[in-house]
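Some notes on the structure that comes next.
Quick caveat: nothing in here was measured; it's all calculated off a predicted structure.
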Amino acid sequence: PIRAARLGRARGATVVAGASADDGDWNDEPTVNIPISFFSILNLSPARASPASIEAAYTSVIQRELVEGFSNSCLAARADLVDAAAQVISDPELRAEHESDLKNGRLTPVPASQLGGALALMQEAGEHEAVIEYAPECLAAAKSRVARRDITLSAALAHCELSHNALTATPPRVGEGCELLDIASKILIAEAGRSFSVELQETIDLTLREMAPAYVIELIAMPLEAKRERKAGVRALRHILWADPENALNDRDAYVVEVNRHLTSNEVVDLFLEAPDSVPADAEEVYQSAMAHIVTGYRERRPMLIVDADEMLAQLEHNAYSTAQEARAQAERLTRAAADAGQPPPQGAWATPPTPEPVNVERAVCQLLLGRVEDAAYSLGMGNDPSPYALDPQVERFVREHSPSGDYTEGLIALADRWIADVAFPSFRDSARVERVPTVAQWFDEPDVQRFCERLEAAPALAKTLAAFDAAARSAAAGAERLGDAFGGAGDVPGLRAEGAVGASVSASRSARRARVARLLRQNPAAANVAFGGAVVAGAALVAYGLGADTRSAPYTAPGVSSVSASPKDVGALLGAAATNVADGVADVASRAPVFSRRAPEVDARVAEQIVRRWQNAKAQALGVAHNLRPLEQVLEGPMLQQWLTRAEDVKAHGWAWEYQLNALTVDKVEVMTPSRVMVEATLTEVAVLKDRARTEDDDRYESTYRARYELKKSSDGGGVRAW
């Protein structure tokens with residue numbers, strides 16, 4: 001069935017499939033010289049081009065299934081060119097002439113009407129670079145829109161094949177492959193729109209979306225000097241990590257681990273702060289961000305980032321304790337249910353949950369960098385005061401060996417220097433390259449650091465407010481840049497450009513972190529009772545005093561949970577080696593002789609409920625819309641009163657308010673430790689809504705039932721119920 005063909009190589013001659021000498025002025029049609037090989041068209045080599053193999057190759061090529069989108073005229077031209085190829089290499093004279101052309105690099109003139117078919121065959125033969133090179137000249141010679149579409153489709157397919165080669169290489173060249181696919185998509189849409197060759201365009205889009213995570217890693221893994229490429233990668237990373245559930249990664253945790261290997265400490269901080277409300281933060285992400293805060297704050301002499309890091313680490317400790325408490329409560333419920341049924345406890349009911357890695361060393365470093373030496377020693381289980389933290393013998397030996405004068409401050413500083421240099425800085429790409437890590441002594445040589453620590457000791461709220469102004473000034477330029485990036489979407493990463501911009505934060509301030517921590521509270525409401533400025537308030541102290549008289553100083557504060565601005569000595573005594581006390585750890589403080597002489601009642605379930613309700617009411621009023629501090633002053637005093645007043649003032653200053661509603665309160669257990677100390681365990685169901693007048697979005701809200709443990713201490717004198 002091979003048709004007649006004619007091949008001429010003289011000046012002006014053209015390849016015309018299916019033409020004869022009497023076809024008239026066919027060679028008056030414009031031509032384009034292209035490197036077409038009839039052997040390649042038929043997938044034959046000159047040595048293998050026997051009559052039988054030519055016939056078989058011809059049949060195979062004619063029957064090959066093509067991508068949807070080629071026009072009928074293109075398919076006809078393709079078939080005619082296949083006929084011509086078979087005819088030429090079947091004729092000894094024409095074949096020799098054609099082999100000579102190929103050997104000497106002479107191009108073959110092809111009429112404009114045959115260009116679509118010619119490029120299609122070249123693309124099928126694997127001549128992808130040639131198709132891409134000659135496609136623009138062919139497009140210029142094309143006479144119709146249909147012909148242009150055929151040529152564009154062949155060029156797009158050539159880009160797709162080259163992309164496949166790059167993506168399947170060892171190692172894969174993901175960026176190159178994605179860029180080639182992106183070019184293929186762009187030229188198809190530009191020439192014919194979205195409705196042309198729909199199946200191919202859908203395949204390209206799907207591949208780009210699937211390869212985008214790998215492309216992002218390739219970009220952020222580039223040298224730090226490749227700022228433009230890495231910036232594009234980090235910008236696109238937001239789209240991947242914050243994707244809606246339908247487009248979420250199959251193994252997000254493993255991907256985040258790989259991503260963190262290539263990010264700088266500043267990039268980790270920004271990603272954590274800018275994450276939207278819908279994206280939860282797991283413990284590993286919080287820890288990594290805390291480490292990044294430490295490194296960034298230390299390098300840039302920004303102590304407020306150290307404060308933030310310590311708060312985040314305290315949150316991890318508390319969550320670990322809450323998890324253990326919930327496991328214990330569940331075991332007790334199962335055991336009671338089994339006992340009621342006359343059965344033994346279920347197997348594994350009292351299995352110990354996995355113990356998380358302690359973060360007390362990290363916290364001690366943060367506290368030391370803030371000038372709180374005694375607190376750092378307490379977090380390590382050292383010092384003169386009893387500590388719930390287990391003392392690590394290796395840490396104790398190191399501190400002792402590096403304290404030649406006997407003052408453990410020397411050893412603590414040496415420990416911090418060693419940890420920062422050997423653990424913190426190597427955790428991130430930028431800091432890992434620092435040859436001479438600054439010392440703690442150099443950190444405190446900075447006047448700004450000294451001033452901050454002094455303010456933090458004297459007036460925590462003022463220190464944090466001034467630091468917030470400083471952070472806003474630092475982030476103004478970066479914020480404008482991030483805002484521009486947001487309008488640009490994912491920028492340079494194909495497969496994410498059409499996803500829409502992810503709104504970027506314009507300020508890496510404490511207010512940005514507030515929403516992030518609020519999400520942690522919604523996931524684990526027992527973790528805290530208040531979030532303000534990004535700080536987690538995980539406890540309180542109920543003050544014991546007589547009714548109606550002034551309070552005086554020299555209170556004793558039993559362990560409770562505080563924010564970073566407070567001493568870790570207020571961390572609950574009931575926490576594990578690396579866990580803080582459960583929410584609302586409560587301590588009463590004796591302060592004065594009572595006006596009334598009646599005795600304090602013994603604490604039973606009824607009295608315990610009254611005390612807990614007093615605290616819940618005081619907390620709700622102080623941090624609520626009215627910001628009424630008087631109830632707080634009636635149940636707290638001393639350092640804990642000052643801390644909670646500061647927290648309430650911070651909430652008010654930022655335009656926030658927590659609306660609490662206590663729906664249920666059940667006292668589960670009352671345990672008398674000593675005549676003056678009582679432990680109370682209770683189950684609470686509450687709803688909390690965080691109001692922010694600066695936000696137009698819906699309020700942050702959580703509703704949950706959780707278990708809390710309270711430590712009460714009785715005044716040395718009377719005072720009725722209020723003496724607890």
Side-chain contact, heavy-atom cut-off 4.5 Å: Tyr298 with Val365? no
Could you tell me whether the side chain of Leu188 reaches within less than 4.5 Å of the side chain of Ile204, counting heavy atoms only? yes
So does Glu199 get a backbone contact from the side chain of Thr203, meaning a donor-acceptor N/O pair under 3.5 Å? yes
Okay, side chain of Thr31, backbone of Val110: is any donor-acceptor separation there less than 3.5 Å? no
Salt-bridge test for Arg429 and Glu267: reply yes if a basic N is under 4.0 Å from a carboxylate O, no otherwise. no
Has Ser40 got a side-chain atom pairing as donor or acceptor with Ile36's backbone, closer than 3.5 angstrom? no
Closest non-hydrogen contact found for Ser197 with Val67 is OG-CG1, 4.1 Å
Within this structure, what is the CG-CG distance for the pair Leu107 and Leu102, rounded to the nearest 0.5 Å? 10.0 Å
Using only atom types and a distance under 3.5 Å, with no angle test, would you say the side chain of Tyr215 pairs donor to acceptor with the backbone of Cys178? no
Distance-only, no hydrogens or angles: does the Gln442 side chain make a donor-acceptor pair with backbone N or O of Thr439 under 3.5 Å? yes
Inspect the contact between Asp182 and Lys186 and indicate whether a charged nitrogen and a carboxylate oxygen are less than 4.0 angstrom apart. yes
Side chains of Val234 and Thr264 in contact at under 4.5 Å (non-hydrogen atoms): no
Can you tell if the side chain of Ile306 reaches within under 4.5 Å of the side chain of Trp443, non-hydrogen atoms only? yes
Mind listing the closest non-hydrogen atom pair of Asp91 and Leu94 along with its distance? OD1-N, 3.0 Å
May I ask you to test the Leu181-Cys160 pair for a side-chain heavy-atom distance under 4.5 Å? yes
Heavy-atom donor-acceptor pair, Asp430 side chain to Ser265 backbone, under 3.5 Å: yes
Do Val61 and Arg78 come close enough that some side-chain heavy atom pair is under 4.5 Å? yes
Main-chain N/O of Val174 paired to Glu218 side chain as donor or acceptor, under 3.5 Å: yes
Gap separating the OG atom of Ser289 from the CG atom of Asp270, nearest 0.5 angstrom: 9.5 Å
Just jot down the side-chain hydrogen bond (donor to acceptor under 3.5 Å, both in side chains) partners of Ser73, sequence neighbours excluded, or say none. Ser71
Other residues, nucleotides and ligands only: do more than 12 of their heavy atoms fall within 6.0 Å of CZ on Arg64? yes
Which pairs count as salt bridge (Lys or Arg N to Asp or Glu O under 4.0 Å) when at least one residue sits in residues 152-177, sequence neighbours excluded? Arg173-Glu176
Are more than 12 heavy atoms from other residues, nucleotides or ligands located less than 6.0 Å from atom CG of Asn33? yes
Closest non-hydrogen contact found for Tyr255 with Pro213 is OH-O, 2.7 Å
Indicate yes or no for a side-chain donor-acceptor contact from Asn104 to the backbone of Ser100 under 3.5 Å, with no hydrogens or angles considered. yes
Is a side-chain donor or acceptor of Ser53 paired with a backbone partner of Arg48 at a separation under 3.5 angstrom? yes
Could you give the distance from OG1 (Thr152) to CD1 (Ile189), rounded to the nearest 0.5 Å? 12.5 Å
OG1-CD1 distance between Thr108 and Ile34, expressed to the nearest 0.5 angstrom: 7.5 Å
Measure across Ile132 and Ala155 and return the closest heavy-atom pair with its distance rounded to 0.1 Å. CG1-O, 4.4 Å
Which atoms form the tightest heavy-atom contact between Pro46 and Glu99, and what is the distance? CB-OE2, 3.7 Å
Run the salt-bridge test on Glu225 and Arg433 with the 4.0 Å N-O cut-off and return the result as yes or no. yes
Step-by-step side-chain contact (heavy atoms from CB on, under 4.5 Å) determination, Val286 to Phe272: CA-CA 8 Å; Val286 175; Phe272 184 83; 4.2 Å; yes
Could you walk me through whether Arg95 and Phe38 satisfy the side-chain contact (heavy atoms from CB on, under 4.5 Å) test, starting with their C-alpha distance in whole Å, then the side-chain angles of each, then the deciding distance to 0.1 Å, before giving a yes or no? CA-CA 9 Å; Arg95 173 173 172 169; Phe38 289 147; over 6 Å; no
If you take all heavy atoms of Ser427 and Gln288, which pair is closest and at what distance? O-NE2, 4.2 Å
Please report, to 0.1 Å, the donor-acceptor pairs under 3.5 Å made by any side chain of residues 135-144, with sequence neighbours excluded.
from: Ser144; atom 1: OG; to: Ala147; atom 2: N; distance (Å): 3.1

At what distance, to the nearest 0.5 angstrom, does CG of Leu157 lie from NE2 of His164? 13.5 Å
Using 4.0 Å as the upper bound for N to carboxylate O, is an ion pair formed by Arg194 and Asp205? yes
Between Leu153 and Asp150, is there a side-chain heavy-atom distance shorter than 4.5 Å? no
Is the Lys NZ or Arg CZ of Arg149 less than 6.0 Å from the centre of Phe196's six-membered ring, within 45° of the axis? yes
What do the steps show when you test Trp242 against Leu271 for side-chain contact (heavy atoms from CB on, under 4.5 Å), and what is the final call? CA-CA 10 Å; Trp242 306 339; Leu271 283 171; 4.2 Å; yes
pair Asp253-Glu284: side-chain heavy atoms closer than 4.5 Å: no
Spatial distance of atom OG (Ser431) from atom CD1 (Ile420) [nearest 0.5 Å]: 11.0 Å
Step by step, work out the side-chain contact (heavy atoms from CB on, under 4.5 Å) result for Asn260 and Leu263. CA-CA 5 Å; Asn260 284 335; Leu263 293 177; 4.0 Å; yes
